[in-house]
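Here is the structure we will look at.
To find a chain, count down the sequence lines: A is the first, B the second, and so on, and within it residues start at 1. Just so it is clear, the values below take in all heavy atoms, side chains as well, and ignore hydrogens, waters and symmetry mates.
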Amino acid sequence: MIVKVKAFGVSRDILGGREVELEMSGNSVGDLRKSLSSQFPKLDKLNSLFIAVNQEYAADDKAILISDEIALIPPVSGG
Amino acid sequence: MIEITNQPIDVQKIISAASRHEAGAVNTFIGTVRNNTLGNKVIKLEYEAYEPMAISEIEKIINQAIDQWKLTGFSVSHRVGVLLPGEIAVVVAVSTPHRKNSFAACQFIIDTLKQTVPIWKREFFENGNEWVSAHP
C-alpha cells in the first residue's frame, strides 16, 4: 500500500520533504521500517528512529491503516 | 500551560502561569542557546517540532510530575524557528507546596523533555550545519 509519512529533522533531509508518499509491503510499523530502510539506507545510520502513529510512539507490531497519521521521529534534541 | 511558540518567550508570563497561592515554591528552568559546541563557534540554532505530538508528550511528562511531586501549577514553553546565542529556547516552571519537590519536578520535566518530546535542533557552525544527536 501507499502511505503518507511525515518527516522531521534529519529524516526530512533524507526523505527530501516534510511529507512523502511511500510504497510499502505489509501493514505493520515493522514492515514500514523495512521499506524505509531499503528506499532510504541513510536512515540506518541514525542513532535511533522511532515511528509515531497518530501522534503516539508505536511498536513494530502495530498495524497501520491508510488513514493513520504516520511520522518519523529521528533522535530528538529539544531543550 | 503548555506551548510551542515561534515568538520570544516571556519568562514572567510562564512563571505567573505556574504560580499558585497554595504553593510555597516556584522553580524555573531556563534553557538558552550556547555560543559553542565542543569549542566550535555556533552561529545560530534552528528548532523544529512535531507540534501536536510534542504538546501531548509534554502533557504526559507533566502528568507524571503531578502524580510524583504534587505540583500545584506548571507551565512549559518551547521555542521553534531560528535562535541566536543567548536567546531562550525553553522555559519550565513548576509550583509546589514546599521547595524540595519543586527542584526535583523541574529537573525531571526538562530531563525527560529532552529524551522523549519530538523537537529537533540543528546547529549552524561557520563551516556547515548538523542535526544534534542524529548520528553516532
Establish, from distance only, whether the side-chain atoms of A:S28 and A:D61 form a donor-acceptor pair under 3.5 Å.
no
Structural part of B:H135 lying under 4.5 Å from a heavy atom of chain A
both
Is the positively charged end of B:K121 above the ring of B:Y47, judged by distance under 6.0 angstrom from the centroid and angle within 45° of the axis?
no
Pick whichever of B:Q115, B:R79, B:K114 has the most heavy-atom pairs under 4.5 Å with chain A.
B:K114
With a 4.5 angstrom heavy-atom cut-off, could you sort out which part of B:A54 is near chain A: side chain, backbone, both or neither?
neither
So do A:S25 and A:D31 actually touch side chain to side chain, heavy atoms under 4.5 Å?
no
Go through B:T32, B:V132, B:I110 and name the one with the most non-hydrogen pairs under 4.5 angstrom from chain A.
B:V132
Return yes if a side-chain donor-acceptor contact under 3.5 Å exists between B:S56 and A:Q55, otherwise no.
no
Inspect the surroundings of CZ in B:R20 and state if more than 12 heavy atoms from other residues, nucleotides or ligands are less than 6.0 Å away.
yes
Among B:S133, B:G31, B:A134, which has the most heavy-atom pairs under 4.5 Å with chain A?
B:A134
Non-hydrogen atoms of chain B under 4.5 Å away: do they reach the side chain of A:F50, the backbone, both or neither?
neither
Would you check if B:I62 and B:K60 make a side-chain contact, meaning some heavy-atom pair closer than 4.5 Å?
no
When A:D13, A:V10, A:L49, A:I73 are compared by non-hydrogen pairs under 4.5 Å with chain B, the top option:
A:V10
Segment of B:W120 engaging chain A (4.5 angstrom heavy-atom cut-off)
both
